[in-house]
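Worksheet: the structure to be examined is printed underneath.
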Amino acid sequence: MASIFCCFRGCSSFIDLGFSSQTVPIKKQPVIVLDSQQIGQEVVLVKDGSRICGTGGALGNTAIMQDKAYFEVRLQQTGIWGIGLGSEKADLNSVPMGNDAETWVLCSDGYLRHNKEEMHRITQLPQEGDTIGISYNHIELNFYVNGQKLDCPFTNVRGQVYPAVYVDDGAVLDIVFESFVHDPPPGYDKIMLEQSLLET
């Protein structure tokens, strides 16, 4: 009987030495958020880069490379705000955005602005708690309010663009890049990182 216990003791010491459980670091997958390096001087990002408040604009941390991309913004608190796309050259300290050639935005006053032009105007303004969807296919930039498409697309978006939002006057926006409230339009999907596109 004693020899059996010696065997177990020997096995257990073998297991401890040769097969001890080691912590393997899990590679953290990059996620799409608002980029803390691409924000206005008076912008505050919270909730790991998914909520914007303060004054000014912010861009997402990845450009839209795929053919059909979709993301959402939840209007947590009203004020002055805008949602759309912008290039790396966008003036993120200027509110409202849409006053330069680098941004295409739906603004809280209902106007869709680009390069100081009011391209369209919606009459049904989004309210606190609403979800605004944005779809982009490199031809059209479209907006949706609570899943309903607004028939006022931008068709003049050019170059490499990023998700863009701005806030002022107490507005708070949550930007959502996955786990959407509303289904994306057919054929559209969440924004993918360039590395993910290469792997597919």
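Across Val161 and Arg158, no two heavy atoms sit closer than the pair CG1-O, 4.0 Å. Contact record, Pro185 with Ser135: CG-CB, 4.1 Å, taken as the closest heavy-atom pair. Scanning both residues, Ala69 and Ile191, for their nearest heavy atoms gives CB-CG1, 3.9 Å. Between Tyr162 and Gly60, the closest heavy-atom pair is CD2-O, 3.4 Å. In this structure, Ile83 and Phe143 approach most closely via the heavy-atom pair O-CE2, 3.3 Å. Contact between Gly86 and Ala164 at its shortest, heavy atoms only, is N-CB, 3.6 Å.
Side chain of Asn146 to backbone of Thr131: a donor-acceptor contact under 3.5 angstrom is found. Under a 3.5 Å cut-off, the side chain of Gln124 and the backbone N or O of Ile122 do not form any donor-acceptor pair. Under a 3.5 Å cut-off, the side chain of Asn61 and the backbone N or O of Val33 do form a donor-acceptor pair.
Tyr188 belongs to a hydrophobic cluster whose other members, connected by ILVMFWY side-chain contacts under 4.5 Å either directly or through intermediates, are Tyr70, Tyr144, Val176, Phe180. In this structure, Val172 stands alone, with no Ile, Leu, Val, Met, Phe, Trp or Tyr side-chain heavy atom under 4.5 Å from its own, directly or through other members.
Ile175 and Leu141 end up in the same hydrophobic cluster when Ile, Leu, Val, Met, Phe, Trp and Tyr side chains are linked at under 4.5 Å. One hydrophobic cluster holds both Leu173 and Ile32 under the rule that ILVMFWY side chains link at heavy-atom gaps under 4.5 Å. Val165 is not connected to Val95 by any chain of hydrophobic side-chain contacts under 4.5 Å among Ile, Leu, Val, Met, Phe, Trp and Tyr, and they are in different clusters. Clustering ILVMFWY residues whenever any of their side-chain heavy atoms sit less than 4.5 angstrom apart, transitively, puts Leu125 in the very cluster that holds Ile134. Under the 4.5 Å side-chain contact rule for hydrophobic residues, Leu34 and Val167 share a cluster.
Residue-environment remark: CD (Gln148) stays at or below the threshold of 12 foreign heavy atoms within 6.0 Å.
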Tell me which donor-acceptor pairs under 3.5 Å the side chains of residues 37-44 have, and how far apart each pair is, sequence neighbours excluded?
none

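Considering only residues two or more places apart in sequence or on other chains, Glu117 meets the side chain to side chain donor-acceptor pair (under 3.5 Å) condition with none of them.
Once rounded to the nearest 0.5 Å, the distance linking CD of Gln66 with CG of Asn137 reads 11.0 Å. Rounding to the nearest 0.5 Å places CG of Leu112 at 9.0 Å from CE of Met119. To the nearest 0.5 Å, atom CD1 of residue Ile132 and atom NE2 of residue His182 are 10.5 Å apart. Of the inter-residue distances, the one linking Leu59 atom CG with Ser87 atom OG reads 7.5 Å to the nearest 0.5 angstrom. Distance CD1/Ile64 to CE/Met192: 13.0 Å, rounded to 0.5 Å. Thr62 OG1 to Gln160 CD: the interatomic distance, rounded to the nearest 0.5 Å, is 8.0 Å.
Using a 30° and 60° split on the angle between ring planes, His114 and Phe154 fall in the perpendicular class, above 60°.
Residues Phe177 and Ser50 form no side-chain contact, since every pair of their non-hydrogen atoms from C-beta on lies 4.5 Å or further apart. Between Val157 and Glu140 the shortest side-chain heavy-atom distance does not fall below 4.5 Å. Contact of the Asn156 side chain with the Trp104 side chain is registered, since non-hydrogen atoms from C-beta on lie closer than 4.5 Å.
Counting only residues at least two apart or on different chains, the salt bridge (Lys or Arg N to Asp or Glu O under 4.0 Å) pairs with a member in residues 161-185 are Lys47-Asp174, Arg51-Asp174, Glu178-Lys190. A salt bridge (Lys or Arg N to Asp or Glu O under 4.0 Å) check over residues 67-95, counting only residues at least two apart or in different chains, returns nothing.
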task: Take Met97 and Leu92 through the side chain to side chain contact (heavy atoms under 4.5 Å, CB included) test and state the conclusion after the steps.
output: CA-CA 8 Å; Met97 290 167 76; Leu92 301 175; 3.8 Å; yes
